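First comes the structure, then the notes that go with it.
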Amino acid sequence: MKEISEESIAAIPKLMERLYGVVSELEARFGDQHRHFTPDGHLVGSIGEVLAAYYYGLDLSKSSATRHDGACFTSGRKVQVKVTQGVVIALDAREVADFLIAGKLSRDGSFEQFYNGPGAPAWNAAGKVQKTGQRRVYLSTLRRLDNDVVEADRIQRIHV
């Protein structure tokens, strides 16, 4: 797959600003209908995967691939990327990823990493299986687990 350009990554904050402008307008028009228009699900996940691909040098798999979202260009390690705008991420209850990069996408388009390491510790720390077939784990738990990851078990960041 084609490598993601710095120019494309640099456009994300402006695009996020436009996106949240639309969200604000929808909420202003329909907020009295008790509806929220937060970008979530596939949109946040896809933006996070693109950012992770750029920052960590990942070759992304096709969208909605099972278990892994891509592989590292340099090491070949298979990686799952999980991104949220909240405080929790959901992991597939059936399969443990080889490696996991998890973080938070801010409204301004910036990405904050909370975990970068083997998938098993995060999966083991996740809660019970939900009706959705997923197990939830808090970002605060992932940050704590991240402190125990040795450098050799991290996916190396290639862009700042």
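As the structure is a computational prediction, the values presented were derived from the model and not from experiment. Atom set for the values below is all heavy atoms of this structure, side chains included, hydrogens, waters and symmetry mates excluded.
The distance from the OG atom of Ser110 to the CE atom of Met16 is 8.5 Å, given to the nearest 0.5 Å. Between the CG atom in Leu91 and the CD atom in Gln134 there is a gap of 8.0 Å [rounded to 0.5 Å]. Note that CD1 of Ile158 and CG of Leu58 are 8.0 Å apart. Values are rounded to the nearest 0.5 Å. Rounding to the nearest 0.5 angstrom, the gap separating the NZ atom in Lys78 from the OG atom in Ser61 is 8.0 Å. Note: Gln80 CD to Thr66 OG1 = 10.0 Å, rounded to the nearest 0.5 Å. Taking CD of Gln85 as the reference point, atom OG of Ser106 lies at 7.5 Å (rounded to 0.5 Å).
In terms of hydrophobic clustering, with Ile, Leu, Val, Met, Phe, Trp and Tyr side chains grouped at heavy-atom distances under 4.5 Å, Phe99 and Phe114 are assigned to different clusters. Note on Val79: it clusters hydrophobically with Tyr54, by side-chain heavy-atom contacts below 4.5 Å among ILVMFWY residues. Hydrophobic clustering (ILVMFWY, side-chain heavy atoms < 4.5 Å, transitive): Leu51 and Tyr56 are in one cluster.
Side-chain contact between Val137 and Leu142 is present, with heavy atoms from C-beta onward closer than 4.5 Å. Residues Leu19 and Leu15 form no side-chain contact, since every pair of their non-hydrogen atoms from C-beta on lies 4.5 Å or further apart. Looking at heavy atoms from C-beta onward, Asp108 lies out of side-chain contact with Pro13 at the 4.5 angstrom threshold.
Closest approach of Ala93 to Arg135, counting heavy atoms only: CB-CG, 3.7 Å. Taking every heavy atom of both residues into account, Asp98 and His68 meet most closely at N-NE2, 2.9 Å. Here the closest heavy-atom approach between residue Ala53 and residue Ile4 is recorded as CB-CD1, 3.5 Å. Nearest heavy atoms, Ala71 versus Gly76: CB-O, 4.0 Å. Taking every heavy atom of both residues into account, Ala125 and Leu145 meet most closely at CB-CD1, 3.7 Å. Considering all non-hydrogen atoms of both residues, Ala97 and Arg67 come closest at CB-O, 3.7 Å.
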Working for side chain to side chain contact (heavy atoms under 4.5 Å, CB included), residues Ile89 and Tyr115: CA-CA 11 Å; Ile89 63 164; Tyr115 184 81; over 6 Å; no
Worked check of side chain to side chain contact (heavy atoms under 4.5 Å, CB included) between Val23 and Thr38: CA-CA 7 Å; Val23 167; Thr38 53; 5.7 Å; no
Val83 vs Ile47, side chain to side chain contact (heavy atoms under 4.5 Å, CB included): CA-CA, chis, key distance, verdict: CA-CA 8 Å; Val83 178; Ile47 293 169; over 6 Å; no
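Within 6.0 Å of atom CZ in Phe37, more than 12 heavy atoms from other residues, nucleotides or ligands are found, so the atom counts as buried in its surroundings. By the 6.0 Å contact criterion, CZ on Arg29 is open, its count of non-hydrogen atoms from other residues, nucleotides or ligands being 12 or less. The environment of CZ in Arg77 is crowded: more than 12 heavy-atom neighbours from other residues, nucleotides or ligands sit within 6.0 Å.
Residues forming a side chain to side chain donor-acceptor pair (under 3.5 Å) with Arg94 (at least two apart in sequence, or on another chain): Asp92.
Arg154 has a carboxylate O that lies under 4.0 Å from a charged side-chain N of Asp146, or vice versa, which qualifies the two as a salt bridge. Between Lys82 and Asp69 there is no salt bridge, since none of the side-chain N atoms of the basic residue sits less than 4.0 Å from a carboxylate O of the acidic one.
Between Tyr55 and His159, a ring centre-to-centre spacing not shorter than 6.0 Å is recorded.
With Ile155 as reference, Ile101 is the one residue of Thr74, Val81, Leu100, Ile101 to meet the side chain to side chain contact (heavy atoms under 4.5 Å, CB included) rule. The side chain to side chain contact (heavy atoms under 4.5 Å, CB included) test with Arg136 singles out one residue from Val88, Val129, Val87, and that residue is Val88.
Under the 3.5 Å distance criterion, the side-chain polar atoms of Asp153 are left unmatched by any main-chain donor or acceptor of Val149. In this structure, Gln113 contributes its side chain and Phe111 its backbone to no donor-acceptor pair below 3.5 Å.
Under the 3.5 Å distance criterion, with hydrogens and angles disregarded, no donor-acceptor pair is assigned to the side chains of Tyr20 and Glu25.
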